[in-house]
Number of protein chains: 2
Amino acid sequence: MYSLIDIQKRLLPDMLAVMQKRYGILHYIGLMEPVGRRSLAVSMGLTERVLRSEVEFLKDQNLIRISSTGMSLSSDGKELLEALEGIMRDISGIAVMEQELSRKLGIRQAIIVSGNSDESPWVKQELGRATAMCMKTRLKGKNIIAVTGGSTMAAVAEMLTPDLAERDWLFVPARGGIGEDVKNQANTICAKMADHTDSRHRVLYVPDQVSREMYESIIKEPNIKEVITQIKSASMVLHGIGDAITMAERRKTSEEDLVKIKQAKAVGESFGYYFNEGGEVVHKVQTIGLQLDDLSEIEHVVAVAGGSTKAKAIAAYMKRAPSSTILVTDEGAAKQLIKG
Amino acid sequence: MYSLIDIQKRLLPDMLAVMQKRYGILHYIGLMEPVGRRSLAVSMGLTERVLRSEVEFLKDQNLIRISSTGMSLSSDGKELLEALEGIMRDISGIAVMEQELSRKLGIRQAIIVSGNSDESPWVKQELGRATAMCMKTRLKGKNIIAVTGGSTMAAVAEMLTPDLAERDWLFVPARGGIGEDVKNQANTICAKMADHTDSRHRVLYVPDQVSREMYESIIKEPNIKEVITQIKSASMVLHGIGDAITMAERRKTSEEDLVKIKQAKAVGESFGYYFNEGGEVVHKVQTIGLQLDDLSEIEHVVAVAGGSTKAKAIAAYMKRAPSSTILVTDEGAAKQLIKG
DNA sequence: CCCGCATAGACATATTATGTCCCACTTACC
DNA sequence: GGTAAGTGGGACATAATATGTCTATGCGGG
């Protein structure tokens, strides 16, 4: 069921990174031998001292030879490198993909879980777990977390555990109601997240398509006003990304808007904004709360979406996403994204 | 050719130990849950703080749950533990065997390489490599190393590499000639070791069975005298262990002694001493140099011997060996030793 | 013959691991 | 119902390790 590597990833999470680093060094030395530390260090983006420690280790293991002309692989090293090349492809395929994907999309980090949530429903749980882990790592102490709706976010909520509670979190819905099922509404999800982590949440219920006067009066409501302030000062936004047509149809979208969305060739949707393939906003659900431009002010922006069918939507949204974005996705989507 | 684990052992040698430690903790928690840190720490022979760090890590990985009543496995933890149990048997079988063997023989450390040198000749090379690694780890700076003869020691000599040279070593034969082939004589091996490590060596050639007067005059020889002083001040002794009958026959042993050795049911031999199963010395080759009683004065005593047929010899010798002994052996011998 | 690149040493500093106590709390047993 | 033993967690000094930075010195090609 679990492979050796999966177990090791769980039991020594740093192992993979270290293996990759050392593999990379051997690989480079193999290519450039004989080579000196400095040039190697700049080639690999490591500081000289760190590389030096690694090199000393490799020398102790008799994998490389060091002479006054530079470093080169020993016969053991060559042998090992050869064996490693095959293994690394399988093992750290995902880690490599993460690097590649984050570079390609121009975002801070990509986290990939194995599987494809289109095919295997449990992969959504893995997405949830990975997201939870990411939140745990990134957030210390008191935090406000703004959350959107959607089935993926609901899965994330399910996977949160109370051991995060210590951190004093407050969940707020990122935007006013944008007409999903109650089950997948931001309000519901916030409540569930708060419940799972023994923390607090706020609600924000406002109808879509508010008129000007309605808006003015709603905005003056002290409760609402406070929530909005909290949203704007959130340190993390957690949001899903949806397929544009699916989302539009699932929501109570007016016939008129539906046509507009379809005609504009929208492919992606995120917190009420619809994007075409070029990343342009072709439609937005008018509601109060977090706006697209606010994202750049927020420290951690975490997008969660998986499944190969969502690749286009993710790609579209990522054209517009702030560079501080963290994407949590699955192998299915990631492969598509890298290909496309 | 190389398995994943072999590669990992080379690329991150600590990994295995850490995995074992964490596996052990999970295992114990599974057995004793709910259990507290302190009682766990004493059960496992870890200090409380170290265990605490590990426990915090495991908690971060959601493998265990911590409550005020103690620690217990989470469902993830149970699942992982189950998978680990199977894997650990294969993976760290050797590490476990090393622990067990050193405990059983009452020696400082047992190092086991996989394979059986009776069946696969290349395993002797692995023994050599492991011995070289051990020397590297244990010896810093200036050292005198006393070496005996035998084909195993010859294999060790072959595997030494010049990157050890920095350490300023001096190889000396542990004892006077005890009648082996030139190829496997201590003098020859010392020379080869020195050659392979760019270091120095001394020779000690004295005939066996010296008469009293002969002995007196030899001992006065300044050269010999110096070598003997060096032997006694060695910081490491490297010796093989042989099968008694084989060794006796291979050497130019007198008919009389051969009968004596056979009748006394000698099974093991090491640097000219013959041992029966009880570890008693039943015969010794009279020669100058290191004597059995001198071993306890020497910091590092490394015995190298592999092959399942040598198990009895190893067991016999180990009954008499100082507790500071380090045994380098192979899987074939180790299994026999643990069984018997 | 010298310049550029090489390793290796040295050392201050940042980071992490570890040993040691102590405290407040729960629980189970008397 | 009270007490004792066991629990997790906080705090902090200290040891060990990793890292950044600078320097000395050696080797080889132009």
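Values below: every heavy atom of this structure, side chains too, minus hydrogens, waters and symmetry copies. Note on naming: letters A, B, ... go to the chains in the order of the sequence lines (proteins, then strands), and numbering restarts at 1 for each one.
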May I have the distance from [X] (atom [atom1]) to [N] (atom [atom2]), rounded to whole angstrom?
X: A/E48; N: C/dC5; atom1: CD; atom2: P; value: 13 Å
X: B/E56; N: D/dG9; atom1: CD; atom2: P; value: 8 Å
X: A/L46; N: D/dT19; atom1: CG; atom2: C1'; value: 12 Å
X: A/L51; N: D/dA18; atom1: CG; atom2: P; value: 15 Å
X: A/M71; N: C/dA6; atom1: CE; atom2: C1'; value: 10 Å
X: B/I64; N: D/dT7; atom1: CD1; atom2: P; value: 14 Å
X: A/D14; N: D/dT17; atom1: CG; atom2: P; value: 17 Å
X: B/R38; N: D/dA5; atom1: CZ; atom2: C1'; value: 11 Å

- Message: What contact category does A/V55 fall into here, base, sugar-phosphate, or nothing, at under 4.0 angstrom with non-hydrogen atoms?
- Response: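 No contact at all - A/V55 keeps every heavy atom at 4.0 Å or more from the nucleic acid.
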Go through [options] for me and flag the one nearest to the [X] side chain.
X: A/V50; options: D/dT19, C/dT26, D/dC27; result: D/dT19
X: A/R49; options: D/dT21, C/dA6, D/dG9; result: D/dT21
X: A/T47; options: D/dG8, D/dG20, C/dT7; result: D/dG20

- Task: Please examine the side chains of B/I326 and B/C134, heavy atoms only from C-beta on, and report whether any two atoms are closer than 4.5 Å.
- Result: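 In short, these two side chains touch, coming nearer than 4.5 Å.
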- Query: So, do A/I94 and A/E331 sit near enough that their side-chain heavy atoms are less than 4.5 Å apart?
  - Reply: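 Touching, per the 4.5 Å side-chain cut-off.
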- Query: Would one find a side-chain N or O of B/S39 under 4.0 angstrom from OP1 or OP2 of D/dT7?
  - Reply: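 So the side-chain polar atoms of B/S39 do come within 4.0 Å of the phosphate oxygens OP1 or OP2 of D/dT7, strictly under.
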- Query: Taking it one step at a time, do B/I144 and B/W169 satisfy side-chain contact (heavy atoms from CB on, under 4.5 Å)?
  - Reply: CA-CA 6 Å; B/I144 298 177; B/W169 286 349; over 6 Å; no
- Query: Mapping B/I66 and A/E54 to their closest nucleotides on DNA chain D, which lands nearer the 5' end?
  - Reply: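 Counting from the 5' end, the first nearest nucleotide belongs to B/I66.
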- Most 5' of A/S53 and A/S68 on DNA chain D, judged by nearest nucleotide: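 Between the two, 5'-proximity favours A/S53.
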- Is there a donor N/O on one and an acceptor N/O on the other, under 3.5 Å, for the side chain of B/R37 and the base of D/dG9?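 For B/R37, whose side chain was compared with the base of D/dG9, there is a donor-acceptor pair (under 3.5 Å).
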- Query: Side chain of A/R52, base of D/dG20: donor and acceptor closer than 3.5 Å?
  - Reply: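 No such pair is found, so the answer is no.
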- Any side-chain donor-acceptor pair under 3.5 Å between B/S235 and B/N143?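 Present: a donor and an acceptor within the cut-off.
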- So B/T161 and B/T197, side-chain contact (heavy atoms from CB on, under 4.5 Å) or not? Walk me through it. CA-CA 5 Å; B/T161 50; B/T197 57; over 6 Å; no
